[in-house]
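Below you'll find the structure, written out as structure tokens, and then a few comments.
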Amino acid sequence: MLIGIDPGKDKCGVAILTSDGEIIFEKVIATADLELTLKNFLAQYDLKLAILGNGTTHKAAEKILRDSGLPVKIVDEKHTTEEARRKYWLKNPPRGWRKILPTSLQVPPEPVDGIVAEILIRRYLTEN
């Protein structure tokens, strides 16, 4: 299993995918909770590799990951937020009056960092 992390100053996107690409976990957590969350995941899942975005606070997140003993690969985050927004609307199609407004002009009503973490894993798998 792979864990993807989209690090941020206040929040992090976290996703866990199986080797088959199945999403086991996808959520946005507080950055302050990253270390404890990672410890819980290591106890619960057979994580083999961490895929970390090279964004805002990736150095602090990288230290937490390396201290846990998990190998880390850093992936370019370029355009992942835009891709995550498109994927959000595919997973959650607009309803009501929002159907008539192009999704490219809408902002998802919740953070998409968890989807970004998934995209980082898939990007890594495609490149390697």
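As the structure is a prediction and not an experimental result, all values here were calculated from the model.
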task: Indicate the atoms forming the closest heavy-atom contact of Pro111 with Lys11, along with that distance.
output: CB-CE, 3.9 Å
message: Do Leu125 and Leu2 have side chains that approach each other closer than 4.5 Å (heavy atoms only, starting at C-beta)?
response: yes
task: Determine whether Lys73 and Glu127 make a side-chain contact, defined as any pair of heavy atoms from C-beta on separated by less than 4.5 Å.
output: no
- prompt: More than 12 non-hydrogen atoms from neighbouring residues, nucleotides or ligands closer than 6.0 Å to NZ on Lys9, yes or no?
  reply: no
message: Just so I know, are the side chains of Glu118 and Lys87 near enough to count as touching, which here means a heavy-atom distance under 4.5 Å?
response: yes
Partner set under side chain to side chain contact (heavy atoms under 4.5 Å, CB included) for Pro108, not counting sequence neighbours: Arg85, Tyr88, Trp89, Val112
message: Looking at every heavy atom in both Gly21 and Leu17, which two are closest together, and how far apart are they?
response: O-CD2, 3.8 Å
- request: Over all heavy atoms of both residues, which pair between Ala15 and Ala117 is shortest? Give the atoms and the distance, please.
  value: N-CB, 3.6 Å
- prompt: For the residue pair Gly114 and Val28, what are the closest heavy atoms and their distance?
  reply: N-CG2, 3.7 Å
message: Using only atom types and a distance under 3.5 Å, with no angle test, would you say the side chain of Gln106 pairs donor to acceptor with the backbone of Leu101?
response: yes
task: Indicate the atoms forming the closest heavy-atom contact of Cys12 with Asp113, along with that distance.
output: C-CB, 4.3 Å
field: Intermediate values then yes/no, side-chain contact (heavy atoms from CB on, under 4.5 Å), Arg122 and Glu83
entry: CA-CA 12 Å; Arg122 295 192 191 283; Glu83 190 176 336; over 6 Å; no
message: Do Arg86 and Thr103 have side chains that approach each other closer than 4.5 Å (heavy atoms only, starting at C-beta)?
response: no
query: Is the shortest heavy-atom distance from the side chain of Glu77 to the side chain of Leu120 under 4.5 Å?
result: yes
query: If you look only at pairs with a residue in residues 93-104, which of them pass as a salt bridge (Lys or Arg N to Asp or Glu O under 4.0 Å), with sequence neighbours excluded?
result: none
task: Might you point out which heavy atoms bring Thr57 and Gly8 nearest each other, and give the distance in Å?
output: OG1-O, 3.0 Å
query: What's in the same ILVMFWY side-chain cluster as Val14, cut-off under 4.5 Å, chained through other members?
result: Met1, Ile3, Ile5, Ile16, Ile24, Phe25, Ile29, Leu34, Leu38, Phe41, Leu42, Tyr45, Leu47, Leu52, Ile64, Leu65, Leu70, Val72, Ile74
- prompt: If you round to the nearest 0.5 Å, how far is CG of Asn54 from CG of Asp76?
  reply: 5.0 Å
